[in-house]
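Every chain is numbered from 1 and lettered A, B, ... according to where its sequence line falls, protein lines coming before strand lines. Only heavy atoms go into these numbers, but all of them, side chains included; no hydrogens, no water, no symmetry mates.
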Number of protein chains: 2
Amino acid sequence: MSQSAITPGGTSSSDADRGETNSERAGLDLDASLGYLLKQAASVLHTAMDAVLRPLGMTITHYACLELLAQRPGLSNSDLARGTFVTRQSMNTLLRAMERDGLVSRPAQPPVGRILPAELTELGHRQLATASAAVKTVELRMRSKLDAEQQSELRHHLRSSIDALTE
Amino acid sequence: MSQSAITPGGTSSSDADRGETNSERAGLDLDASLGYLLKQAASVLHTAMDAVLRPLGMTITHYACLELLAQRPGLSNSDLARGTFVTRQSMNTLLRAMERDGLVSRPAQPPVGRILPAELTELGHRQLATASAAVKTVELRMRSKLDAEQQSELRHHLRSSIDALTE
DNA sequence: GATTCTATGTCAGAATACTGACATGAGTCA
DNA sequence: TGACTCATGTCAGTATTCTGACATAGAATC
């Protein structure tokens, strides 16, 4: 998938510039739109992560699930769904596949209520180690043009945006 | 869909705190991970936009397509795909549906090469006007906790991240 | 002018995530 | 105790997007 956004000068690919004098409308100005920029950033990140994860036979959600379980063993299916920003139905499908593949284990019977706490198997931990290293290079690459303070600012502002949209 | 991420204190929902003393691992620390924060922000934004767009009978990509075409009439299918961060195959499907619904028009024959320049119909413009107003409230809400300078910083840092991951 | 490369539009099939719905277990409150 | 509310796990069906592949038009190279 291409990554180029629509910019005032045209896309980065070879489009024969159907030259438009932009901005002159009631709607959103794409360049000023934080939402658009955010979507673009997320898209670029998605592509970059997919590029390193796919050769390992994993999807991004697959990796995120491993990462979450390593940091917090015993998370439930619903917990994992929230943590990876998908529905619990989607996570259920994924989790079952991962269980089948021996990456994750869950007790046959729920210890309490209906919750089945999931844990990484030895194989799961090994697969995560590989993936984690790959993903870390992407994370570092993404930060490479920001100094420590700028990264801190970015995190802070991102959190503010999330808060504003959440409450 | 729930929006809560996995935070040190547990999710925002009522999970009986399977208390884990976090961070102590080789992998990524979720809180320090820009990537995770970015994904969360994008997810929250997606949900918020979907919430206002769905009642209007539109998806986010649908809206994005309208917005792009209004600002730059004559964009091709591939241009629109790049601008909305989906594949050109996906955009092709959407565009055809929008054409069928009378929101977009394309010439029967390509004026040059294989490119079919798309334009908004009168109905398309009207639908966009409604959607645009709704989306603007989301954009404003997202910015509500950031002053002008902070918004500028956020945009700048986001662009830096995109650049770093793109080149 | 012929060849090569790149971009486009499109068809077909697969993967992924979503919505809707249901029953169950736990907590709340009268 | 019983009614009510909420969260969970899961089944079923749908929607959206993706990957792979193909033919074609224009640009670039020689």
Side-chain angles (χ1 to χ4, degrees), chain A residues 1-2 4 10-18 39 43 46-47 50-51 53-55 57-65 74-82 84-99 104 106-118, chain B residues 1-4 10-18 39 42-43 46-47 50-51 53-55 57-65 74-82 84-99 104 106-118:
Chain A
M1 190 201 311
S2 174
S4 6
T11 73
S12 68
S13 65
S14 69
D15 58 356
D17 236 26
R18 278 163 293 299
K39 185 170 178 176
S43 172
H46 184 96
T47 301
D50 189 71
L53 252 18
R54 180 178 299 270
M58 295 183 238
T59 67
I60 296 180
T61 308
H62 180 118
Y63 156 74
C65 182
L75 284 184
S76 71
N77 174 55
S78 288
D79 287 334
L80 290 167
R82 276 189 292 271
T84 55
F85 313 108
V86 299
T87 60
R88 64 180 193 278
Q89 292 92 328
S90 296
M91 180 51 68
N92 188 285
T93 303
L94 173 60
L95 209 47
R96 208 171 307 184
M98 294 176 72
E99 209 172 352
V104 166
R106 285 189 292 179
Q109 294 301 320
V112 51
R114 311 195 63 192
I115 297 173
L116 288 174
Chain B
M1 190 201 311
S2 173
Q3 221 42 258
S4 4
T11 72
S12 68
S13 66
S14 69
D15 58 355
D17 235 25
R18 277 164 294 297
K39 184 170 179 178
S43 171
H46 184 97
T47 300
D50 189 71
L53 252 20
R54 180 178 298 271
M58 294 183 238
T59 67
I60 296 180
T61 308
H62 180 118
Y63 157 73
C65 181
L75 284 184
S76 71
N77 175 54
S78 288
D79 287 334
L80 290 167
R82 276 189 292 270
T84 55
F85 314 108
V86 299
T87 61
R88 64 181 192 279
Q89 293 91 329
S90 296
M91 181 50 69
N92 189 286
T93 303
L94 173 60
L95 209 48
R96 206 170 307 184
M98 293 176 72
E99 208 171 354
V104 167
R106 285 189 292 181
Q109 294 300 322
V112 50
R114 311 196 63 194
I115 296 173
L116 288 173

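Between the CG atom of B:Leu95 and the C1' atom of D:dT16 there is a distance of 16 Å, rounded to whole Å. Rounded to an integer number of Å, the gap from B:Leu75 CG to C:dG9 C1' is 16 Å. Atom CD1 in A:Ile60 sits roughly 16 Å away from atom P in D:dT17 (whole-Å rounding). C:dT24 atom C1' lies 13 Å from atom CD of A:Gln109, rounded to whole Å. Distance, A:Leu94 CG to D:dG9 C1': 15 Å, rounded to whole Å. When rounded to the nearest whole Å, the span between CE of B:Met91 and P of D:dT17 equals 8 Å. At whole-Å resolution of the value, CG in B:Leu80 and P in D:dT17 are 13 Å apart. Between the CZ atom of B:Arg82 and the P atom of C:dA7 there is a distance of 8 Å, given to the nearest Å.
Nearest-nucleotide assignment on DNA chain D puts the 5′-proximal partner with A:Ser78, out of A:Ser78 and A:Arg54. Both A:Ser90 and A:Gly113 lie near DNA chain C, and the one whose nearest nucleotide falls closer to the 5' end is A:Ser90. Where A:Val112 and A:Thr59 meet DNA chain C, the nucleotide closest to each residue was compared, and A:Thr59 sits on the side nearer the 5' end.
Judged by distance alone, the side chain of B:Thr84 and the main-chain N or O of B:Leu80 form a donor-acceptor pair under 3.5 Å. Between the side chain of A:Thr47 and the main chain of A:Ser43, a donor-acceptor pair closer than 3.5 Å is present. A side-chain donor-acceptor contact under 3.5 Å links B:Asn77 to the backbone of B:Arg88.
Axis angle between the ends of the helix from C:dG1-D:dC30 to C:dA30-D:dT1, five pairs each and rounded to 10 degrees, works out to 40°.
The two residues B:Pro107 and B:Pro117 make their nearest non-hydrogen contact at CD-O, 3.2 Å.
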Give me, pair by pair, the N or O atoms of the protein and of nucleotides 10-12 of chain D that are less than 3.5 Å apart, along with how far apart they are.
residue, atom, partner, partner atom, Å
D:dT10, OP2, A:Asn92, ND2, 2.7
D:dC11, OP2, A:Arg96, NH1, 2.8
D:dC11, OP2, A:Arg96, NH2, 3.0

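OP1 and OP2 of D:dT17 both lie 4.0 Å or more from every side-chain N or O belonging to B:Thr87.
In this structure the side chain of A:Ile115 reaches within 4.5 angstrom of the side chain of A:Ser76, judged on heavy atoms.
Going from atom CG of A:Asn92 over to atom CD of A:Glu99 covers 9.5 Å, rounded to the nearest 0.5 Å.
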